[in-house]
Amino acid sequence: MATFGNLTDRLADTFKNLRGKGKLSPADIDGTVREIRRALLDADVALDVVKEFTGKVRERALSDEVSKALNPAQQVVQIVNEELVGILGGEQRRLRFAKTAPTVIMLAGLQGAGKTTLAGKLAKWLAGEGHTPLLVAADLQRPNAVTQLQVVGEQAGAQVFAPEPGNGVGNPVKVAKDSIRFAKDKQYDVVIVDTAGRLGVDAELMKQAGDIRKAVDPDEVLFVIDAMIGQDAVATAKAFQDGVDFTGVVLTKLDGDSRGGAALSVASVTGRPIIFASTGERLEDFEPFHPERMASRILDLGDILTLIEQA
Amino acid sequence: MADRTPWSLSGALRGMFAKKTIDDDTWEDLEDALIGADFGPTITDSVIDELREQVRKYATTDPDDLKRMLRENLEERLARLDPTLTLSARPAVVLVVGVNGVGKTTTIGKFSRFLVTRGRSVVVGAADTFRAAAVEQLATWAERGGAQIVRPQQQGQDPASVAFQTVEKAIAEGIDIAVIDTAGRLQTKSGLMDELTKIRRVIEKQTEIAEVLLVLDATTGQNGLAQAEAFIEHAGVTGLVLTKLDGSAKGGFVLAVQERTGIPIKLVGQGEGIGDLTGFTPHVFVQNLVG
Ligand SMILES: Nc1nc2c(ncn2[C@@H]2O[C@H](COP(=O)(O)OP(=O)(O)OP(=O)(O)O)[C@@H](O)[C@H]2O)c(=O)[nH]1
Ligand SMILES: Nc1nc2c(ncn2[C@@H]2O[C@H](COP(=O)(O)OP(=O)(O)OP(=O)(O)O)[C@@H](O)[C@H]2O)c(=O)[nH]1
Ligand SMILES: [Mg+2]
Ligand SMILES: [Mg+2]
């Protein structure tokens with residue numbers, strides 16, 4: 001995963017300028033903070049998040065903890081890293097299961113984010129862990145979404161609950177509701193509800209998503225978001241938080257070279273943890289999200305420290 | 001959610017234009033607004049430098065003047081390229097490419113309808129032989145749009161051969177326009193990008209390609225630039241399609257794409273319905289953006 005690669009390069013350049021400085025002047029710090037700001041904006045981190053982040057870094061960089069440090073530049077790097085990890089969620093958060101089966105997982109997000117593919121990935125992974133997942137075709141809107149989920153289900157070796165043909169026919173709230181009874185009858189222990197893509201500004205469809213949530217009372221609602229998203233990540237994440245009150249985030253298409261600033265934006269604005277990273281089109285291409293790993297990759301910390309130490 | 005009004009540049013700029021005179025805050029608000037619309041730091045700096053220069057030159061302190069200058073500046077930048085589609089060849093072959101999930105297949109459905117209502121006959125080629133149910137999805141759209149379809153004869157057939165058969169059918173049956181759907185691919189996957197080059201080559205053995213349309217999702221951030229550069233290199237893109245403009249994202253990154261690559265935006269997608277496709281008009285785009 002080459003995410004954040006360019007952000008890393010930018011920050012490395014910035015910190016290189018600081019190396020060898022025994023003492024940092026306010027001007028040094030302002031210059032560095034400006035570079036960090038620029039790098040984060042190039043990485044599509046939301047502007048408000050950038051401002052808050054650089055504000056914190058600046059404040060701490062000007063404080064005693066830096067001026068008294070043996071190597072102030074190194075100290076600034078550490079502050080940046082700490083703040084990044086903090087926003088990304090600190091510890092890795094695992095999927096929550098219900099005390100009594102079935103565990104219900106609902107997926108929601110913008111059009112084309114990767115929900116249906118993720119449904120297949122989760123099913124395959126859970127089946128491999130000894131669970132009996134049931135996929136639910138509650139996207140009755142997008143052309144042939146039901147067929148797509150059936151194909152994905154077959155690839156994952158999981159059952160698909162698809163009582164309605166879709167393409168505009170059928171009520172997704174009812175399908176979702178019926179799927180829970182079906183799962184209990186047939187003893188599936190995890191239910192994964194795929195829903196139609198919807199825009200944050202589409203009040204009607206957002207309400208429908210809220211209704212699906214009420215109908216299935218999920219243990220997890222996963223907000224699926226494309227890592228290539230720009231500044232709109234914040235408005236969209238807030239709209240989904242209001243609409244379906246998601247419990248976790250999945251970042252998709254991390255196999256590309258997008259710098260994935262959305263990870264910072266969404267985590268910071270909603271306070272919800274990023275649980276999985278989706279890293280390809282095949283069903284095995286996904287992994288738990290590691291905030292620590294992601295943050296140190298953002299900074300490429302090892303390399304930067306070496307640069308500063310060599311100064 | 002219902003009470004949230006969508007984000008807009010005009011909303012972001014409202015405070016700034018409500019002021020009596022242009023001051024430092026004005027410039028900061030403007031910078032924030034442009035960044036917030038995904039113009040990216042580089043274009044934002046360049047627009048602001050130009051506007052500062054103009055404000056100085058005309059010695060104005062009136063925010064309304066600045067607003068007009070902003071509108072003109074963006075419109076002029078966007079209007080530098082010709083957005084006309086070149087579809088006069090017979091058959092006119094249109095290849096549609098882009099990263100995963102941006103709206104290629106949907107755009108083809110809308111575009112078919114657009115062409116059919118203007119009296120053109122259309123065949124679409126299902127050269128996405130990879131994605132689950134991609135062929136069925138395109139078939140649904142072809143039916144809605146009134147186009148014929150060429151499907152792969154078997155699962156996982158070489159996409160280039162489907163493209164070939166589509167063009168072959170268009171030539172044999174005198175169909176005006178052949179539109180070829182391709183699988184979404186991230187621009188970093190070299191094997192998949194080479195596959196596009198091959199599809200092109202195979203089509204070009206039969207006839208010239210009229211348009212290669214790169215579909216870009218308006219919610220995309222600065223990665224849109226990397227997408228454009230790679231697809232231009234491997235697929236010879238001739239036009240951009242900007243989709244999902246019905247959402248809260250403004251798609252400001254396309255300005256950087258246009259300026260950096262010289263490829264014009266030719267179509268705009270604004271919804272999931274078959275009628276939600278229009279040509280690109282800089283004036284309308286900027287009007288929606290700036291208000
Ligand atoms: N490269 C890559 N492609 C992905 C990933 N996840 C999904 N995709 C692709 O993205 C496209 C859209 O995926 P879907 O699963 O259909 O997305 P969706 O959110 O269900 O879309 P709608 O139902 O239309 O809203 C498909 O081409 C997938 O193969 C990923 O992690 N990496
Ligand atoms: N709101 C909105 N949704 C759109 C628009 N265009 C496409 N979509 C939706 O975006 C999702 C993906 O569209 P597709 O046409 O399948 O995208 P694609 O590029 O063909 O996807 P892959 O083939 O998987 O790479 C679907 O849910 C579409 O309904 C648009 O202009 N506005
Ligand atoms: Mg889907
Ligand atoms: Mg498609």
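Just so it is clear: chains get the letters A, B, ... in the order the sequence lines come, proteins before strands, and each one is counted from 1.
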Chain A contact via Glu143(B) - side chain, backbone, both or neither, heavy atoms under 4.5 Å = neither

Against chain B, label Leu149(A) side chain, backbone, both or neither, depending on which of its atoms sit under 4.5 Å from a heavy atom there.
-> neither

Name the option with the most non-hydrogen atom pairs under 4.5 Å to chain A; the candidates are Ala132(B), Gly184(B), Gly109(B).
-> Ala132(B)

Under 4.5 Å heavy-atom distance to chain B, tell me which part of Lys207(A) shows up: side chain, backbone, both or neither.
-> neither

Hey, mind stepping through Thr243(B) and Thr107(B) against side-chain contact (heavy atoms from CB on, under 4.5 Å) and telling me if it holds?
-> CA-CA 8 Å; Thr243(B) 59; Thr107(B) 298; 3.6 Å; yes

Side chains of Asn171(A) and Glu164(A), donor plus acceptor under 3.5 Å = no

Polar contact flag, side-chain donor to acceptor under 3.5 angstrom, Asp181(B)-Thr105(B) | yes

Pick whichever of Thr44(B), Asp38(B), Thr220(B) has the most heavy-atom pairs under 4.5 Å with chain A.
-> Asp38(B)

If you count the non-hydrogen atoms of other residues, nucleotides and ligands that lie under 6.0 Å from CD in Glu154(A), is the total more than 12?
-> no

Identify whether the distance between the nearest side-chain nitrogen and carboxylate oxygen of Arg131(B) and Glu281(A) falls below 4.0 Å.
-> no

Looking at the rings of Phe286(A) and Phe276(A), which for Trp means the six-membered one, are their centres under 6.0 Å apart?
-> yes

In terms of heavy-atom proximity below 4.5 Å to chain B, should Asp44(A) be classed as side chain, backbone, both, or neither?
-> side chain

Under 4.5 Å from any heavy atom of chain B - which part of Gln111(A) = both

For Glu272(B), is it the side chain, the backbone, both or neither that has a heavy atom under 4.5 Å from a heavy atom of chain A?
-> side chain

Given a strict heavy-atom distance threshold of 4.5 Å, which part of Ile229(A) is in contact with chain B: side chain, backbone, both, or neither?
-> both

Is it the backbone or the side chain of Val99(B) that comes under 4.5 Å from a heavy atom of chain A, or both, or neither?
-> side chain

Examine whether an atom of Ala249(B) lies under 4.5 Å from a heavy atom of chain A, and if so say whether it belongs to the side chain, the backbone or both; otherwise answer neither.
-> both

Will you find, in the side chains of Arg38(A) and Thr42(B), an N or O donor that is under 3.5 Å from an N or O acceptor?
-> yes

Indicate whether the side chain of Thr188(B) and that of Asp257(A) have a donor and an acceptor atom separated by less than 3.5 Å.
-> no

Contact origin within Phe253(B) toward chain A - heavy atom pairs under 4.5 Å | neither

